[in-house]
Amino acid sequence: MSAVPEKPTLDNVESKWIESWDQNGTYAFDRSATRANVFAVDTPPPTVSGSLHMGHVFSYTHTDTVARFWRMRGKSVFYPMGWDDNGLPTERRVQNYFGVSCDPSVAYVANFQPPFRGDPPKDHRAVPVSRPNFIELCEELTAQDEKIFEDLFRRLGLSVDWSLLYTTIEDRSRRTSQRAFLRNLARNEAYTQEAPTLWDVDFRTAVAQAELEDRDRPGAYHTLAFHKSDGSGDILIDTTRPELLAACVALIAHPDDPRYQPMFGKMVRTPLFNVEVPVVAHPLAQIDKGTGIAMCCTFGDLTDVIWWRELQLPMRPIISRDGRIVADAPNGLTDVAGLAHYATLVGKSAKQAQTAIAEMLTTSGEMIGATRPITHPVKFYEKGDRPLEIVTSRQWYIRNGGRDVALRDALLARGAGLAWHPDHMRHRYSNWVEGLNGDWLVSRQRWFGVPVPVWYPLDADGETLHDSPLVPDESRLPIDPSTDAPVGYTEDQRGKPGGFIGDPDVMDTWATSSLTPQIASRWEDDNSVFDQVFPFDVRPQGHDIIRTWLFATMVRSHFEHNSAPWANATLSGWILDPDRKKMSKSKGNVVTPLDLFDQYGSDAVRYWAVSARPGVDTAFSEDQMKVGRKLATKLLNVTKFVLGFGDADESVAPTEPIDIAMLHRLAGVVDETTAAFEAFDYARVLERTESFFWWFCDDYV
RNA sequence: GGGCGCGUAGCUCAGUUGGCAGAGCGCUACCAUGACAUGGUAGAGGUCCCGGGUUCGAGCCCCGUCGCGCCCACCA
């Protein structure tokens with residue numbers, strides 16, 4: 001029994017096994033297995049924009065225990081890893097790390113050296129670099145980060161087949177992403193449209209409904225006097241955004257509101273700008289809010305968009321894509337004094353413009369009384385710092401049921417057909433799908449992402465023909481329309497009348513990560529793998545991204561394969577700090593996983609992770625890790641003691657009642673834990689096994 | 001406003017067709033040489049949030065209240 005250590009110790013056990021697993025291909029996926037004998041995991045690719053934290057350690061351990069279980073059951077386990085390195089988080093990290101910013105108008109510099117590698121001083125002004133240089137820096141930094149990620153996950157002991165590793169920016173992922181998009185386009189599941197969309201003025205990109213969050217912000221009601229055109233007096237409206245006054249296109253009240261019914265169809269003049277706008281009725285106006293009549297601007301909020309569309313109001317945008325008041329006064333503003341007022345606002349941010357216009361309104365006597373401070377929810381991009389504006393722009397959309405009841409019902413049925421663990425998470429999905437108010441906006445005005453793979457012809461006048469995009473053959477993918485030319489054109493026709501231009505946008509990160517099953521399984525690149533694993537057995541992920549990642553993956557699979565992408569979804573909980581608050585970097589209470597591995601050992605950290613029931617938010621507890629370490633030591637010691645009796649004669653059936661009783665009890669534990677693992681309840685498995693182990697040590701041994 | 005989860009020992013939590021209230025940590029006392037002191041033995045500690053109902057019997061099922069948390073909607 002050379003396996004019995006002389007002095008039981010946990011020292012070096014991790015490095016020894018990491019090396020052994022790697023050399024022996026212990027976790028290599030068996031390419032000869034049939035689908036029936038495969039267990040496939042759609043592993044979440046962590047975002048490469050910083051570091052892995054305890055939340056990753058926690059949830060990835062859960063999945064690993066399930067993967068190991070199925071491997072023990074004889075399945076060939078398809079357990080890939082991926083790095084989600086395309087997209088905004090990486091861009092932001094690259095800007096902060098190297099002290100640069102992307103400027104597509106700058107020329108490429110070979111062998112460019114960034115001003116800093118880590119921690120630029122606070123007063124450093126970002127150096128503008130070309131898009132290709134910026135992407136090189138993205139690739140350099142993500143490669144560094146990914147090495148650190150891989151080391152950490154290996155140290156944690158994940159039984160991943162590292163030969164299946166993918167990144168979401170690599171050629172194969174871009175090819176998969178573009179292929180899926182082109183097929184959506186060919187089937188009319190993707191379309192382009194010029195429309196008002198929510199817009200982040202700092203990132204200067206459109207954002208999707210799924211990426212919004214509300215934040216409570218201080219605001220103030222300003223009461224403004226509009227003047228009836230027939231000279232019979234004023235109408236007072238309350239607004240929190242007086243800076244949009246020049247963008248006002250109508251006043252709107254509820255059709256049943258007797259106070260304003262006499263005014264419907266009549267005209268009023270705006271304060272300061274003296275622009276004539278109609279008073280109209282619409283049921284979305286709330287009788288009990290403010291003065292009961294609202295000003296509709298293009299655009300202050302999503303209700304304005306609805307009013308503008310349904311009441312066919314004119315467009316008078318005054319907010320530019322960088323969030324400042326545009327230079328050109330809107331249509332209809334012709335009054336000399338009004339133009340003078342407008343000129344003082346040009347170039348100001350929304351906030352500055354609000355202050356300025358409030359002063360002007362006070363001076364003109366058209367603001368009634370003092371402002372009344374309120375706190376109200378304002379829409380933000382979840383990664384953004386300033387409120388979203390609404391600007392009109394051309395964007396790409398993928399249908400998701402937000403504007404189509406039949407499709408929505410089909411996607412609801414897909415969700416209902418999934419096995420959710422824990423089961424109540426299914427409500428998050430149906431709740432979200434039922435509340436969709438538009439299609440999925442997938443284009444982003446950014447750089448480090450998968451390009452929208454189309455070009456547009458230019459007519460004889462150089463106008464872009466958006467409705468007849470030129471698409472590449474799938475065999476050419478991946479392409480970059482900003483450097484590749486469409487078939488039938490040459491590069492020197494780019495931007496010329498009668499020539500072509502490339503679509504300038506990239507796709508949202510989710511538009512690529514929604515294809516992780518297809519990427520990991522080499523869909524269309526090697527369909528023998530795809531056929532072996534699809535639909536996958538399980539998608540493990542956080543419950544906070546049901547509306548994004550899970551739903552988007554469902555949409556793509558529904559369209560492409562007429563199938564759900566997996567049979568099960570497991571949703572992990574959050575790690576809470578001991579004060580029951582969600583752990584966050586800003587609170588400075590994040591513990592690094594490596595420190596804990598060093599202090600307690602990977603197994604002890606895994607023990608803590610597995611003690612939490614599926615889907616339950618769990619307190620971070622070093623005490624549990626101490627317990628785990630003691631348990632591991634005890635396991636070694638009892639093993640040494642038992643094996644010290646020498647080899648058992650396996651041909652002899654046990655006859656002692658105490659042995660038979662122990663084996664009987666063990667068989668019961670095996671049955672129960674098998675059932676628990678089949679239901680993804682690793683925590684029950686641990687509890688039952690540990691409980692048996694203590695009984696085994698205390699009473700049997 | 002709509003949806004979901006949670007509330008059990010000081011702490012973190014189990015409690016699986018309703019059947020003697022549990023574990024770990026912490027606390028108290030004792031135990032020192034042959035698997036294990038990273039351990040062992042013993043012990044204290046409970047209004048199972050509250051109110052009502054069903055039942056022979058409720059931590060568990062039903063109705064309601066309160067508290068905590070999350071998701072969505074609400075932006076004049």
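Here the structure is a predicted model, which is why all the values come from computation and not from measurement. Lettering follows sequence order; numbering is per chain, from 1. Only heavy atoms go into these numbers, but all of them, side chains included; no hydrogens, no water, no symmetry mates.
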Practice problem: Mind checking A:Ala683 for me? I need base, sugar-phosphate or nothing, with any heavy atom below 4.0 Å counting as a touch. | Solution: nothing
Quiz item: Which class fits the ring pair A:Phe680 and A:His421: parallel under 30°, tilted 30 to 60°, perpendicular over 60°?
Solution: tilted
Quiz item: So, is A:Arg547 close to the B:C72 phosphate, meaning a side-chain N or O under 4.0 Å from OP1 or OP2?
Solution: yes
Quiz item: Which whole-number value in Å describes the distance from A:Asp623 CG to B:C13 P?
Solution: 13 Å
Self-check item: B:C75 OP1/OP2 closer than 4.0 Å to side-chain N/O of A:Thr303
Solution: yes
Quiz item: With both distances under 3.5 angstrom, what nucleotide forms a Watson-Crick or G-U wobble pair with B:A58?
Solution: none
Exercise. Would you classify A:Cys697 as touching base, sugar-phosphate or nothing, given that sugar-phosphate means primed atoms plus P, OP1 and OP2, and contacts are heavy atoms under 4.0 Å?
Key: base
Quiz item: Roughly, in whole Å, what's the span from NE2 in A:His424 to C1' in B:G69?
Solution: 12 Å
Exercise. Applying side chain to side chain contact (heavy atoms under 4.5 Å, CB included), name anything that partners A:Val201, two or more places apart in sequence or on another chain.
Key: A:Trp199, A:Arg386, A:Glu389
Practice problem: Would you classify A:Asn431 as touching base, sugar-phosphate or nothing, given that sugar-phosphate means primed atoms plus P, OP1 and OP2, and contacts are heavy atoms under 4.0 Å? | Solution: base
Quiz prompt | Side chains of A:Glu366 and A:His227 in contact at under 4.5 Å (non-hydrogen atoms) | solution = yes
Exercise. Check every strand shown and say whether A:Thr240 touches a base, only sugar-phosphate, or nothing at a heavy-atom separation below 4.0 Å.
Key: sugar-phosphate
Exercise. Give one of base, sugar-phosphate or nothing for A:Val378, where a contact means two heavy atoms less than 4.0 Å apart.
Key: base
Practice problem: Could you give the distance separating B:G19 and B:G2 at their P atoms, to the nearest angstrom? | Solution: 35 Å
Practice problem: Answer yes when A:Lys228 and A:Asp234 have at least one side-chain N-carboxylate O distance shorter than 4.0 Å, and no when they do not. | Solution: no
Exercise. Searching all strands shown, indicate the nucleotide that pairs with B:G22 (Watson-Crick or G-U wobble; both distances under 3.5 Å).
Key: B:C13
Quiz item: Quantified in whole Å, what is the C1' atom distance between nucleotide B:G26 and nucleotide B:U65?
Solution: 34 Å
Practice problem: Write down the distance between CG (A:Asp617) and P (B:G7), rounded to a whole number of angstrom. | Solution: 13 Å
Quiz item: Could you state the CD-C1' distance from A:Glu690 to B:U38, rounded to the nearest angstrom?
Solution: 14 Å
Quiz item: B:C6 P sits how many Å from A:His543 NE2, rounded?
Solution: 13 Å
Quiz item: Mind checking the P distance from B:G40 to B:C25? Whole angstroms is fine.
Solution: 9 Å
Quiz item: Mapping A:Asp301 and A:Val638 to their closest nucleotides on RNA chain B, which lands nearer the 5' end?
Solution: A:Val638
Practice problem: Determine the contact category for A:Trp694: base if any of its heavy atoms lies under 4.0 Å from a base atom, sugar-phosphate if only primed atoms, P, OP1 or OP2 are that close, otherwise nothing. | Solution: sugar-phosphate
Quiz item: Reckon A:Lys634 has a side-chain N or O less than 4.0 Å from the OP1 or OP2 of B:G40?
Solution: yes
Quiz item: Counting just side-chain N and O atoms, does A:Lys630 come under 4.0 Å of either OP1 or OP2 of B:C25?
Solution: no
Exercise. If B:C6 has a Watson-Crick or G-U wobble mate with both distances under 3.5 Å, name it; if not, just say none.
Key: B:G67
Quiz item: So, for A:Trp574 and A:Phe58, is the gap between ring centers shorter than 6.0 Å?
Solution: no
Practice problem: Give A:Leu284 one of three labels, base, sugar-phosphate or nothing, depending on what nucleic acid heavy atoms sit under 4.0 Å from its own. | Solution: base
Quiz prompt | Distance, rounded to the nearest Å, where A:Arg629 contributes CZ and B:A37 contributes C1' | solution = 15 Å
Quiz item: When rounded to the nearest Å, what value does the distance between P atoms of B:G34 and B:C30 take?
Solution: 23 Å
Exercise. Could you check which of B:C75, B:U38, B:C71 has an atom nearest any side-chain atom of A:Lys289?
Key: B:C75
Quiz item: Expressed in whole Å, how much space separates the P atoms belonging to B:A44 and B:G53?
Solution: 35 Å
Self-check item: Among B:U38, B:C75, B:C4, the one nearest A:Thr633 by side-chain distance
Solution: B:U38
Quiz prompt | Whole-Å distance separating the CZ atom of A:Phe641 from the P atom of B:G34 | solution = 11 Å
Practice problem: Please say whether the positively charged group of A:Arg428, taken as NZ for Lys or CZ for Arg, lies over the ring of A:Trp420, i.e. under 6.0 angstrom from the six-membered ring centre and within 45 degrees of the axis. | Solution: no
Self-check item: Distance-only donor-acceptor test, A:Asp214 side-chain atoms vs B:C74 base atoms, 3.5 Å
Solution: yes
Quiz item: At under 4.0 Å between heavy atoms, what does A:Gln286 touch on the DNA or RNA strands: base, sugar-phosphate, or nothing?
Solution: base
Practice problem: Taking atom P in both B:C50 and B:G7, compute the distance separating them and give it to the nearest angstrom. | Solution: 13 Å
Quiz prompt | Base paired to B:U41 (Watson-Crick or G-U; both N/O distances under 3.5 angstrom) | solution = B:A29
Quiz item: How many Å lie between CH2 on A:Trp695 and C1' on B:G22, as a whole number?
Solution: 19 Å
Quiz item: Taking atom P in both B:G18 and B:C61, what distance in whole Å separates the two?
Solution: 9 Å
Between the protein and nucleotides 15-18 of chain B, which nitrogen or oxygen pairs are less than 3.5 angstrom apart?
residue	atom	partner	partner atom	Å
B:G15	OP1	A:Arg684	NH2	3.3
B:U16	N3	A:Arg684	NH1	3.1
B:U16	N3	A:Arg688	NH2	3.0
B:U16	O4	A:Arg688	NH2	2.0

Exercise. Check whether any side-chain N or O of A:Gln209 sits under 4.0 Å from OP1 or OP2 of B:A73, and answer yes or no.
Key: yes
Quiz item: Any chance CH2 of A:Trp17 has more than 12 other-residue heavy atoms, nucleotides or ligands included, within less than 6.0 Å?
Solution: no
Quiz item: Do side-chain atoms of A:Arg613 reach the backbone of A:Ala683 as a donor and acceptor pair under 3.5 angstrom?
Solution: no
Quiz item: Is any NZ, NE, NH1 or NH2 atom of the basic residue among A:Arg155 and A:Asp598 found under 4.0 Å from an Asp or Glu carboxylate oxygen of the other?
Solution: yes
Quiz item: Choosing from B:C72, B:C75, B:C71, which nucleotide comes nearest the side chain of A:Trp432?
Solution: B:C72
Quiz item: Does B:U47 have a Watson-Crick or wobble partner in any strand here, with both distances under 3.5 angstrom, and which is it?
Solution: none
Practice problem: Side-chain contact test, heavy atoms from C-beta onward, threshold under 4.5 Å: evaluate it for A:Lys379 versus A:Leu198 and give yes or no. | Solution: yes
Quiz item: Does the side chain of A:Val57 reach to within under 4.5 Å of the side chain of A:Met54, using non-hydrogen atoms?
Solution: yes
Exercise. Identify, between A:Arg428 and A:Leu631, the residue whose nearest nucleotide on RNA chain B lies closer to the 5' end.
Key: A:Leu631
Quiz item: Taking a pair as Watson-Crick or G-U wobble with both distances under 3.5 Å, which nucleotide is matched to B:G34?
Solution: none
Practice problem: Can you tell me, in whole Å, how much space there is between the C1' of B:G5 and that of B:G51? | Solution: 22 Å
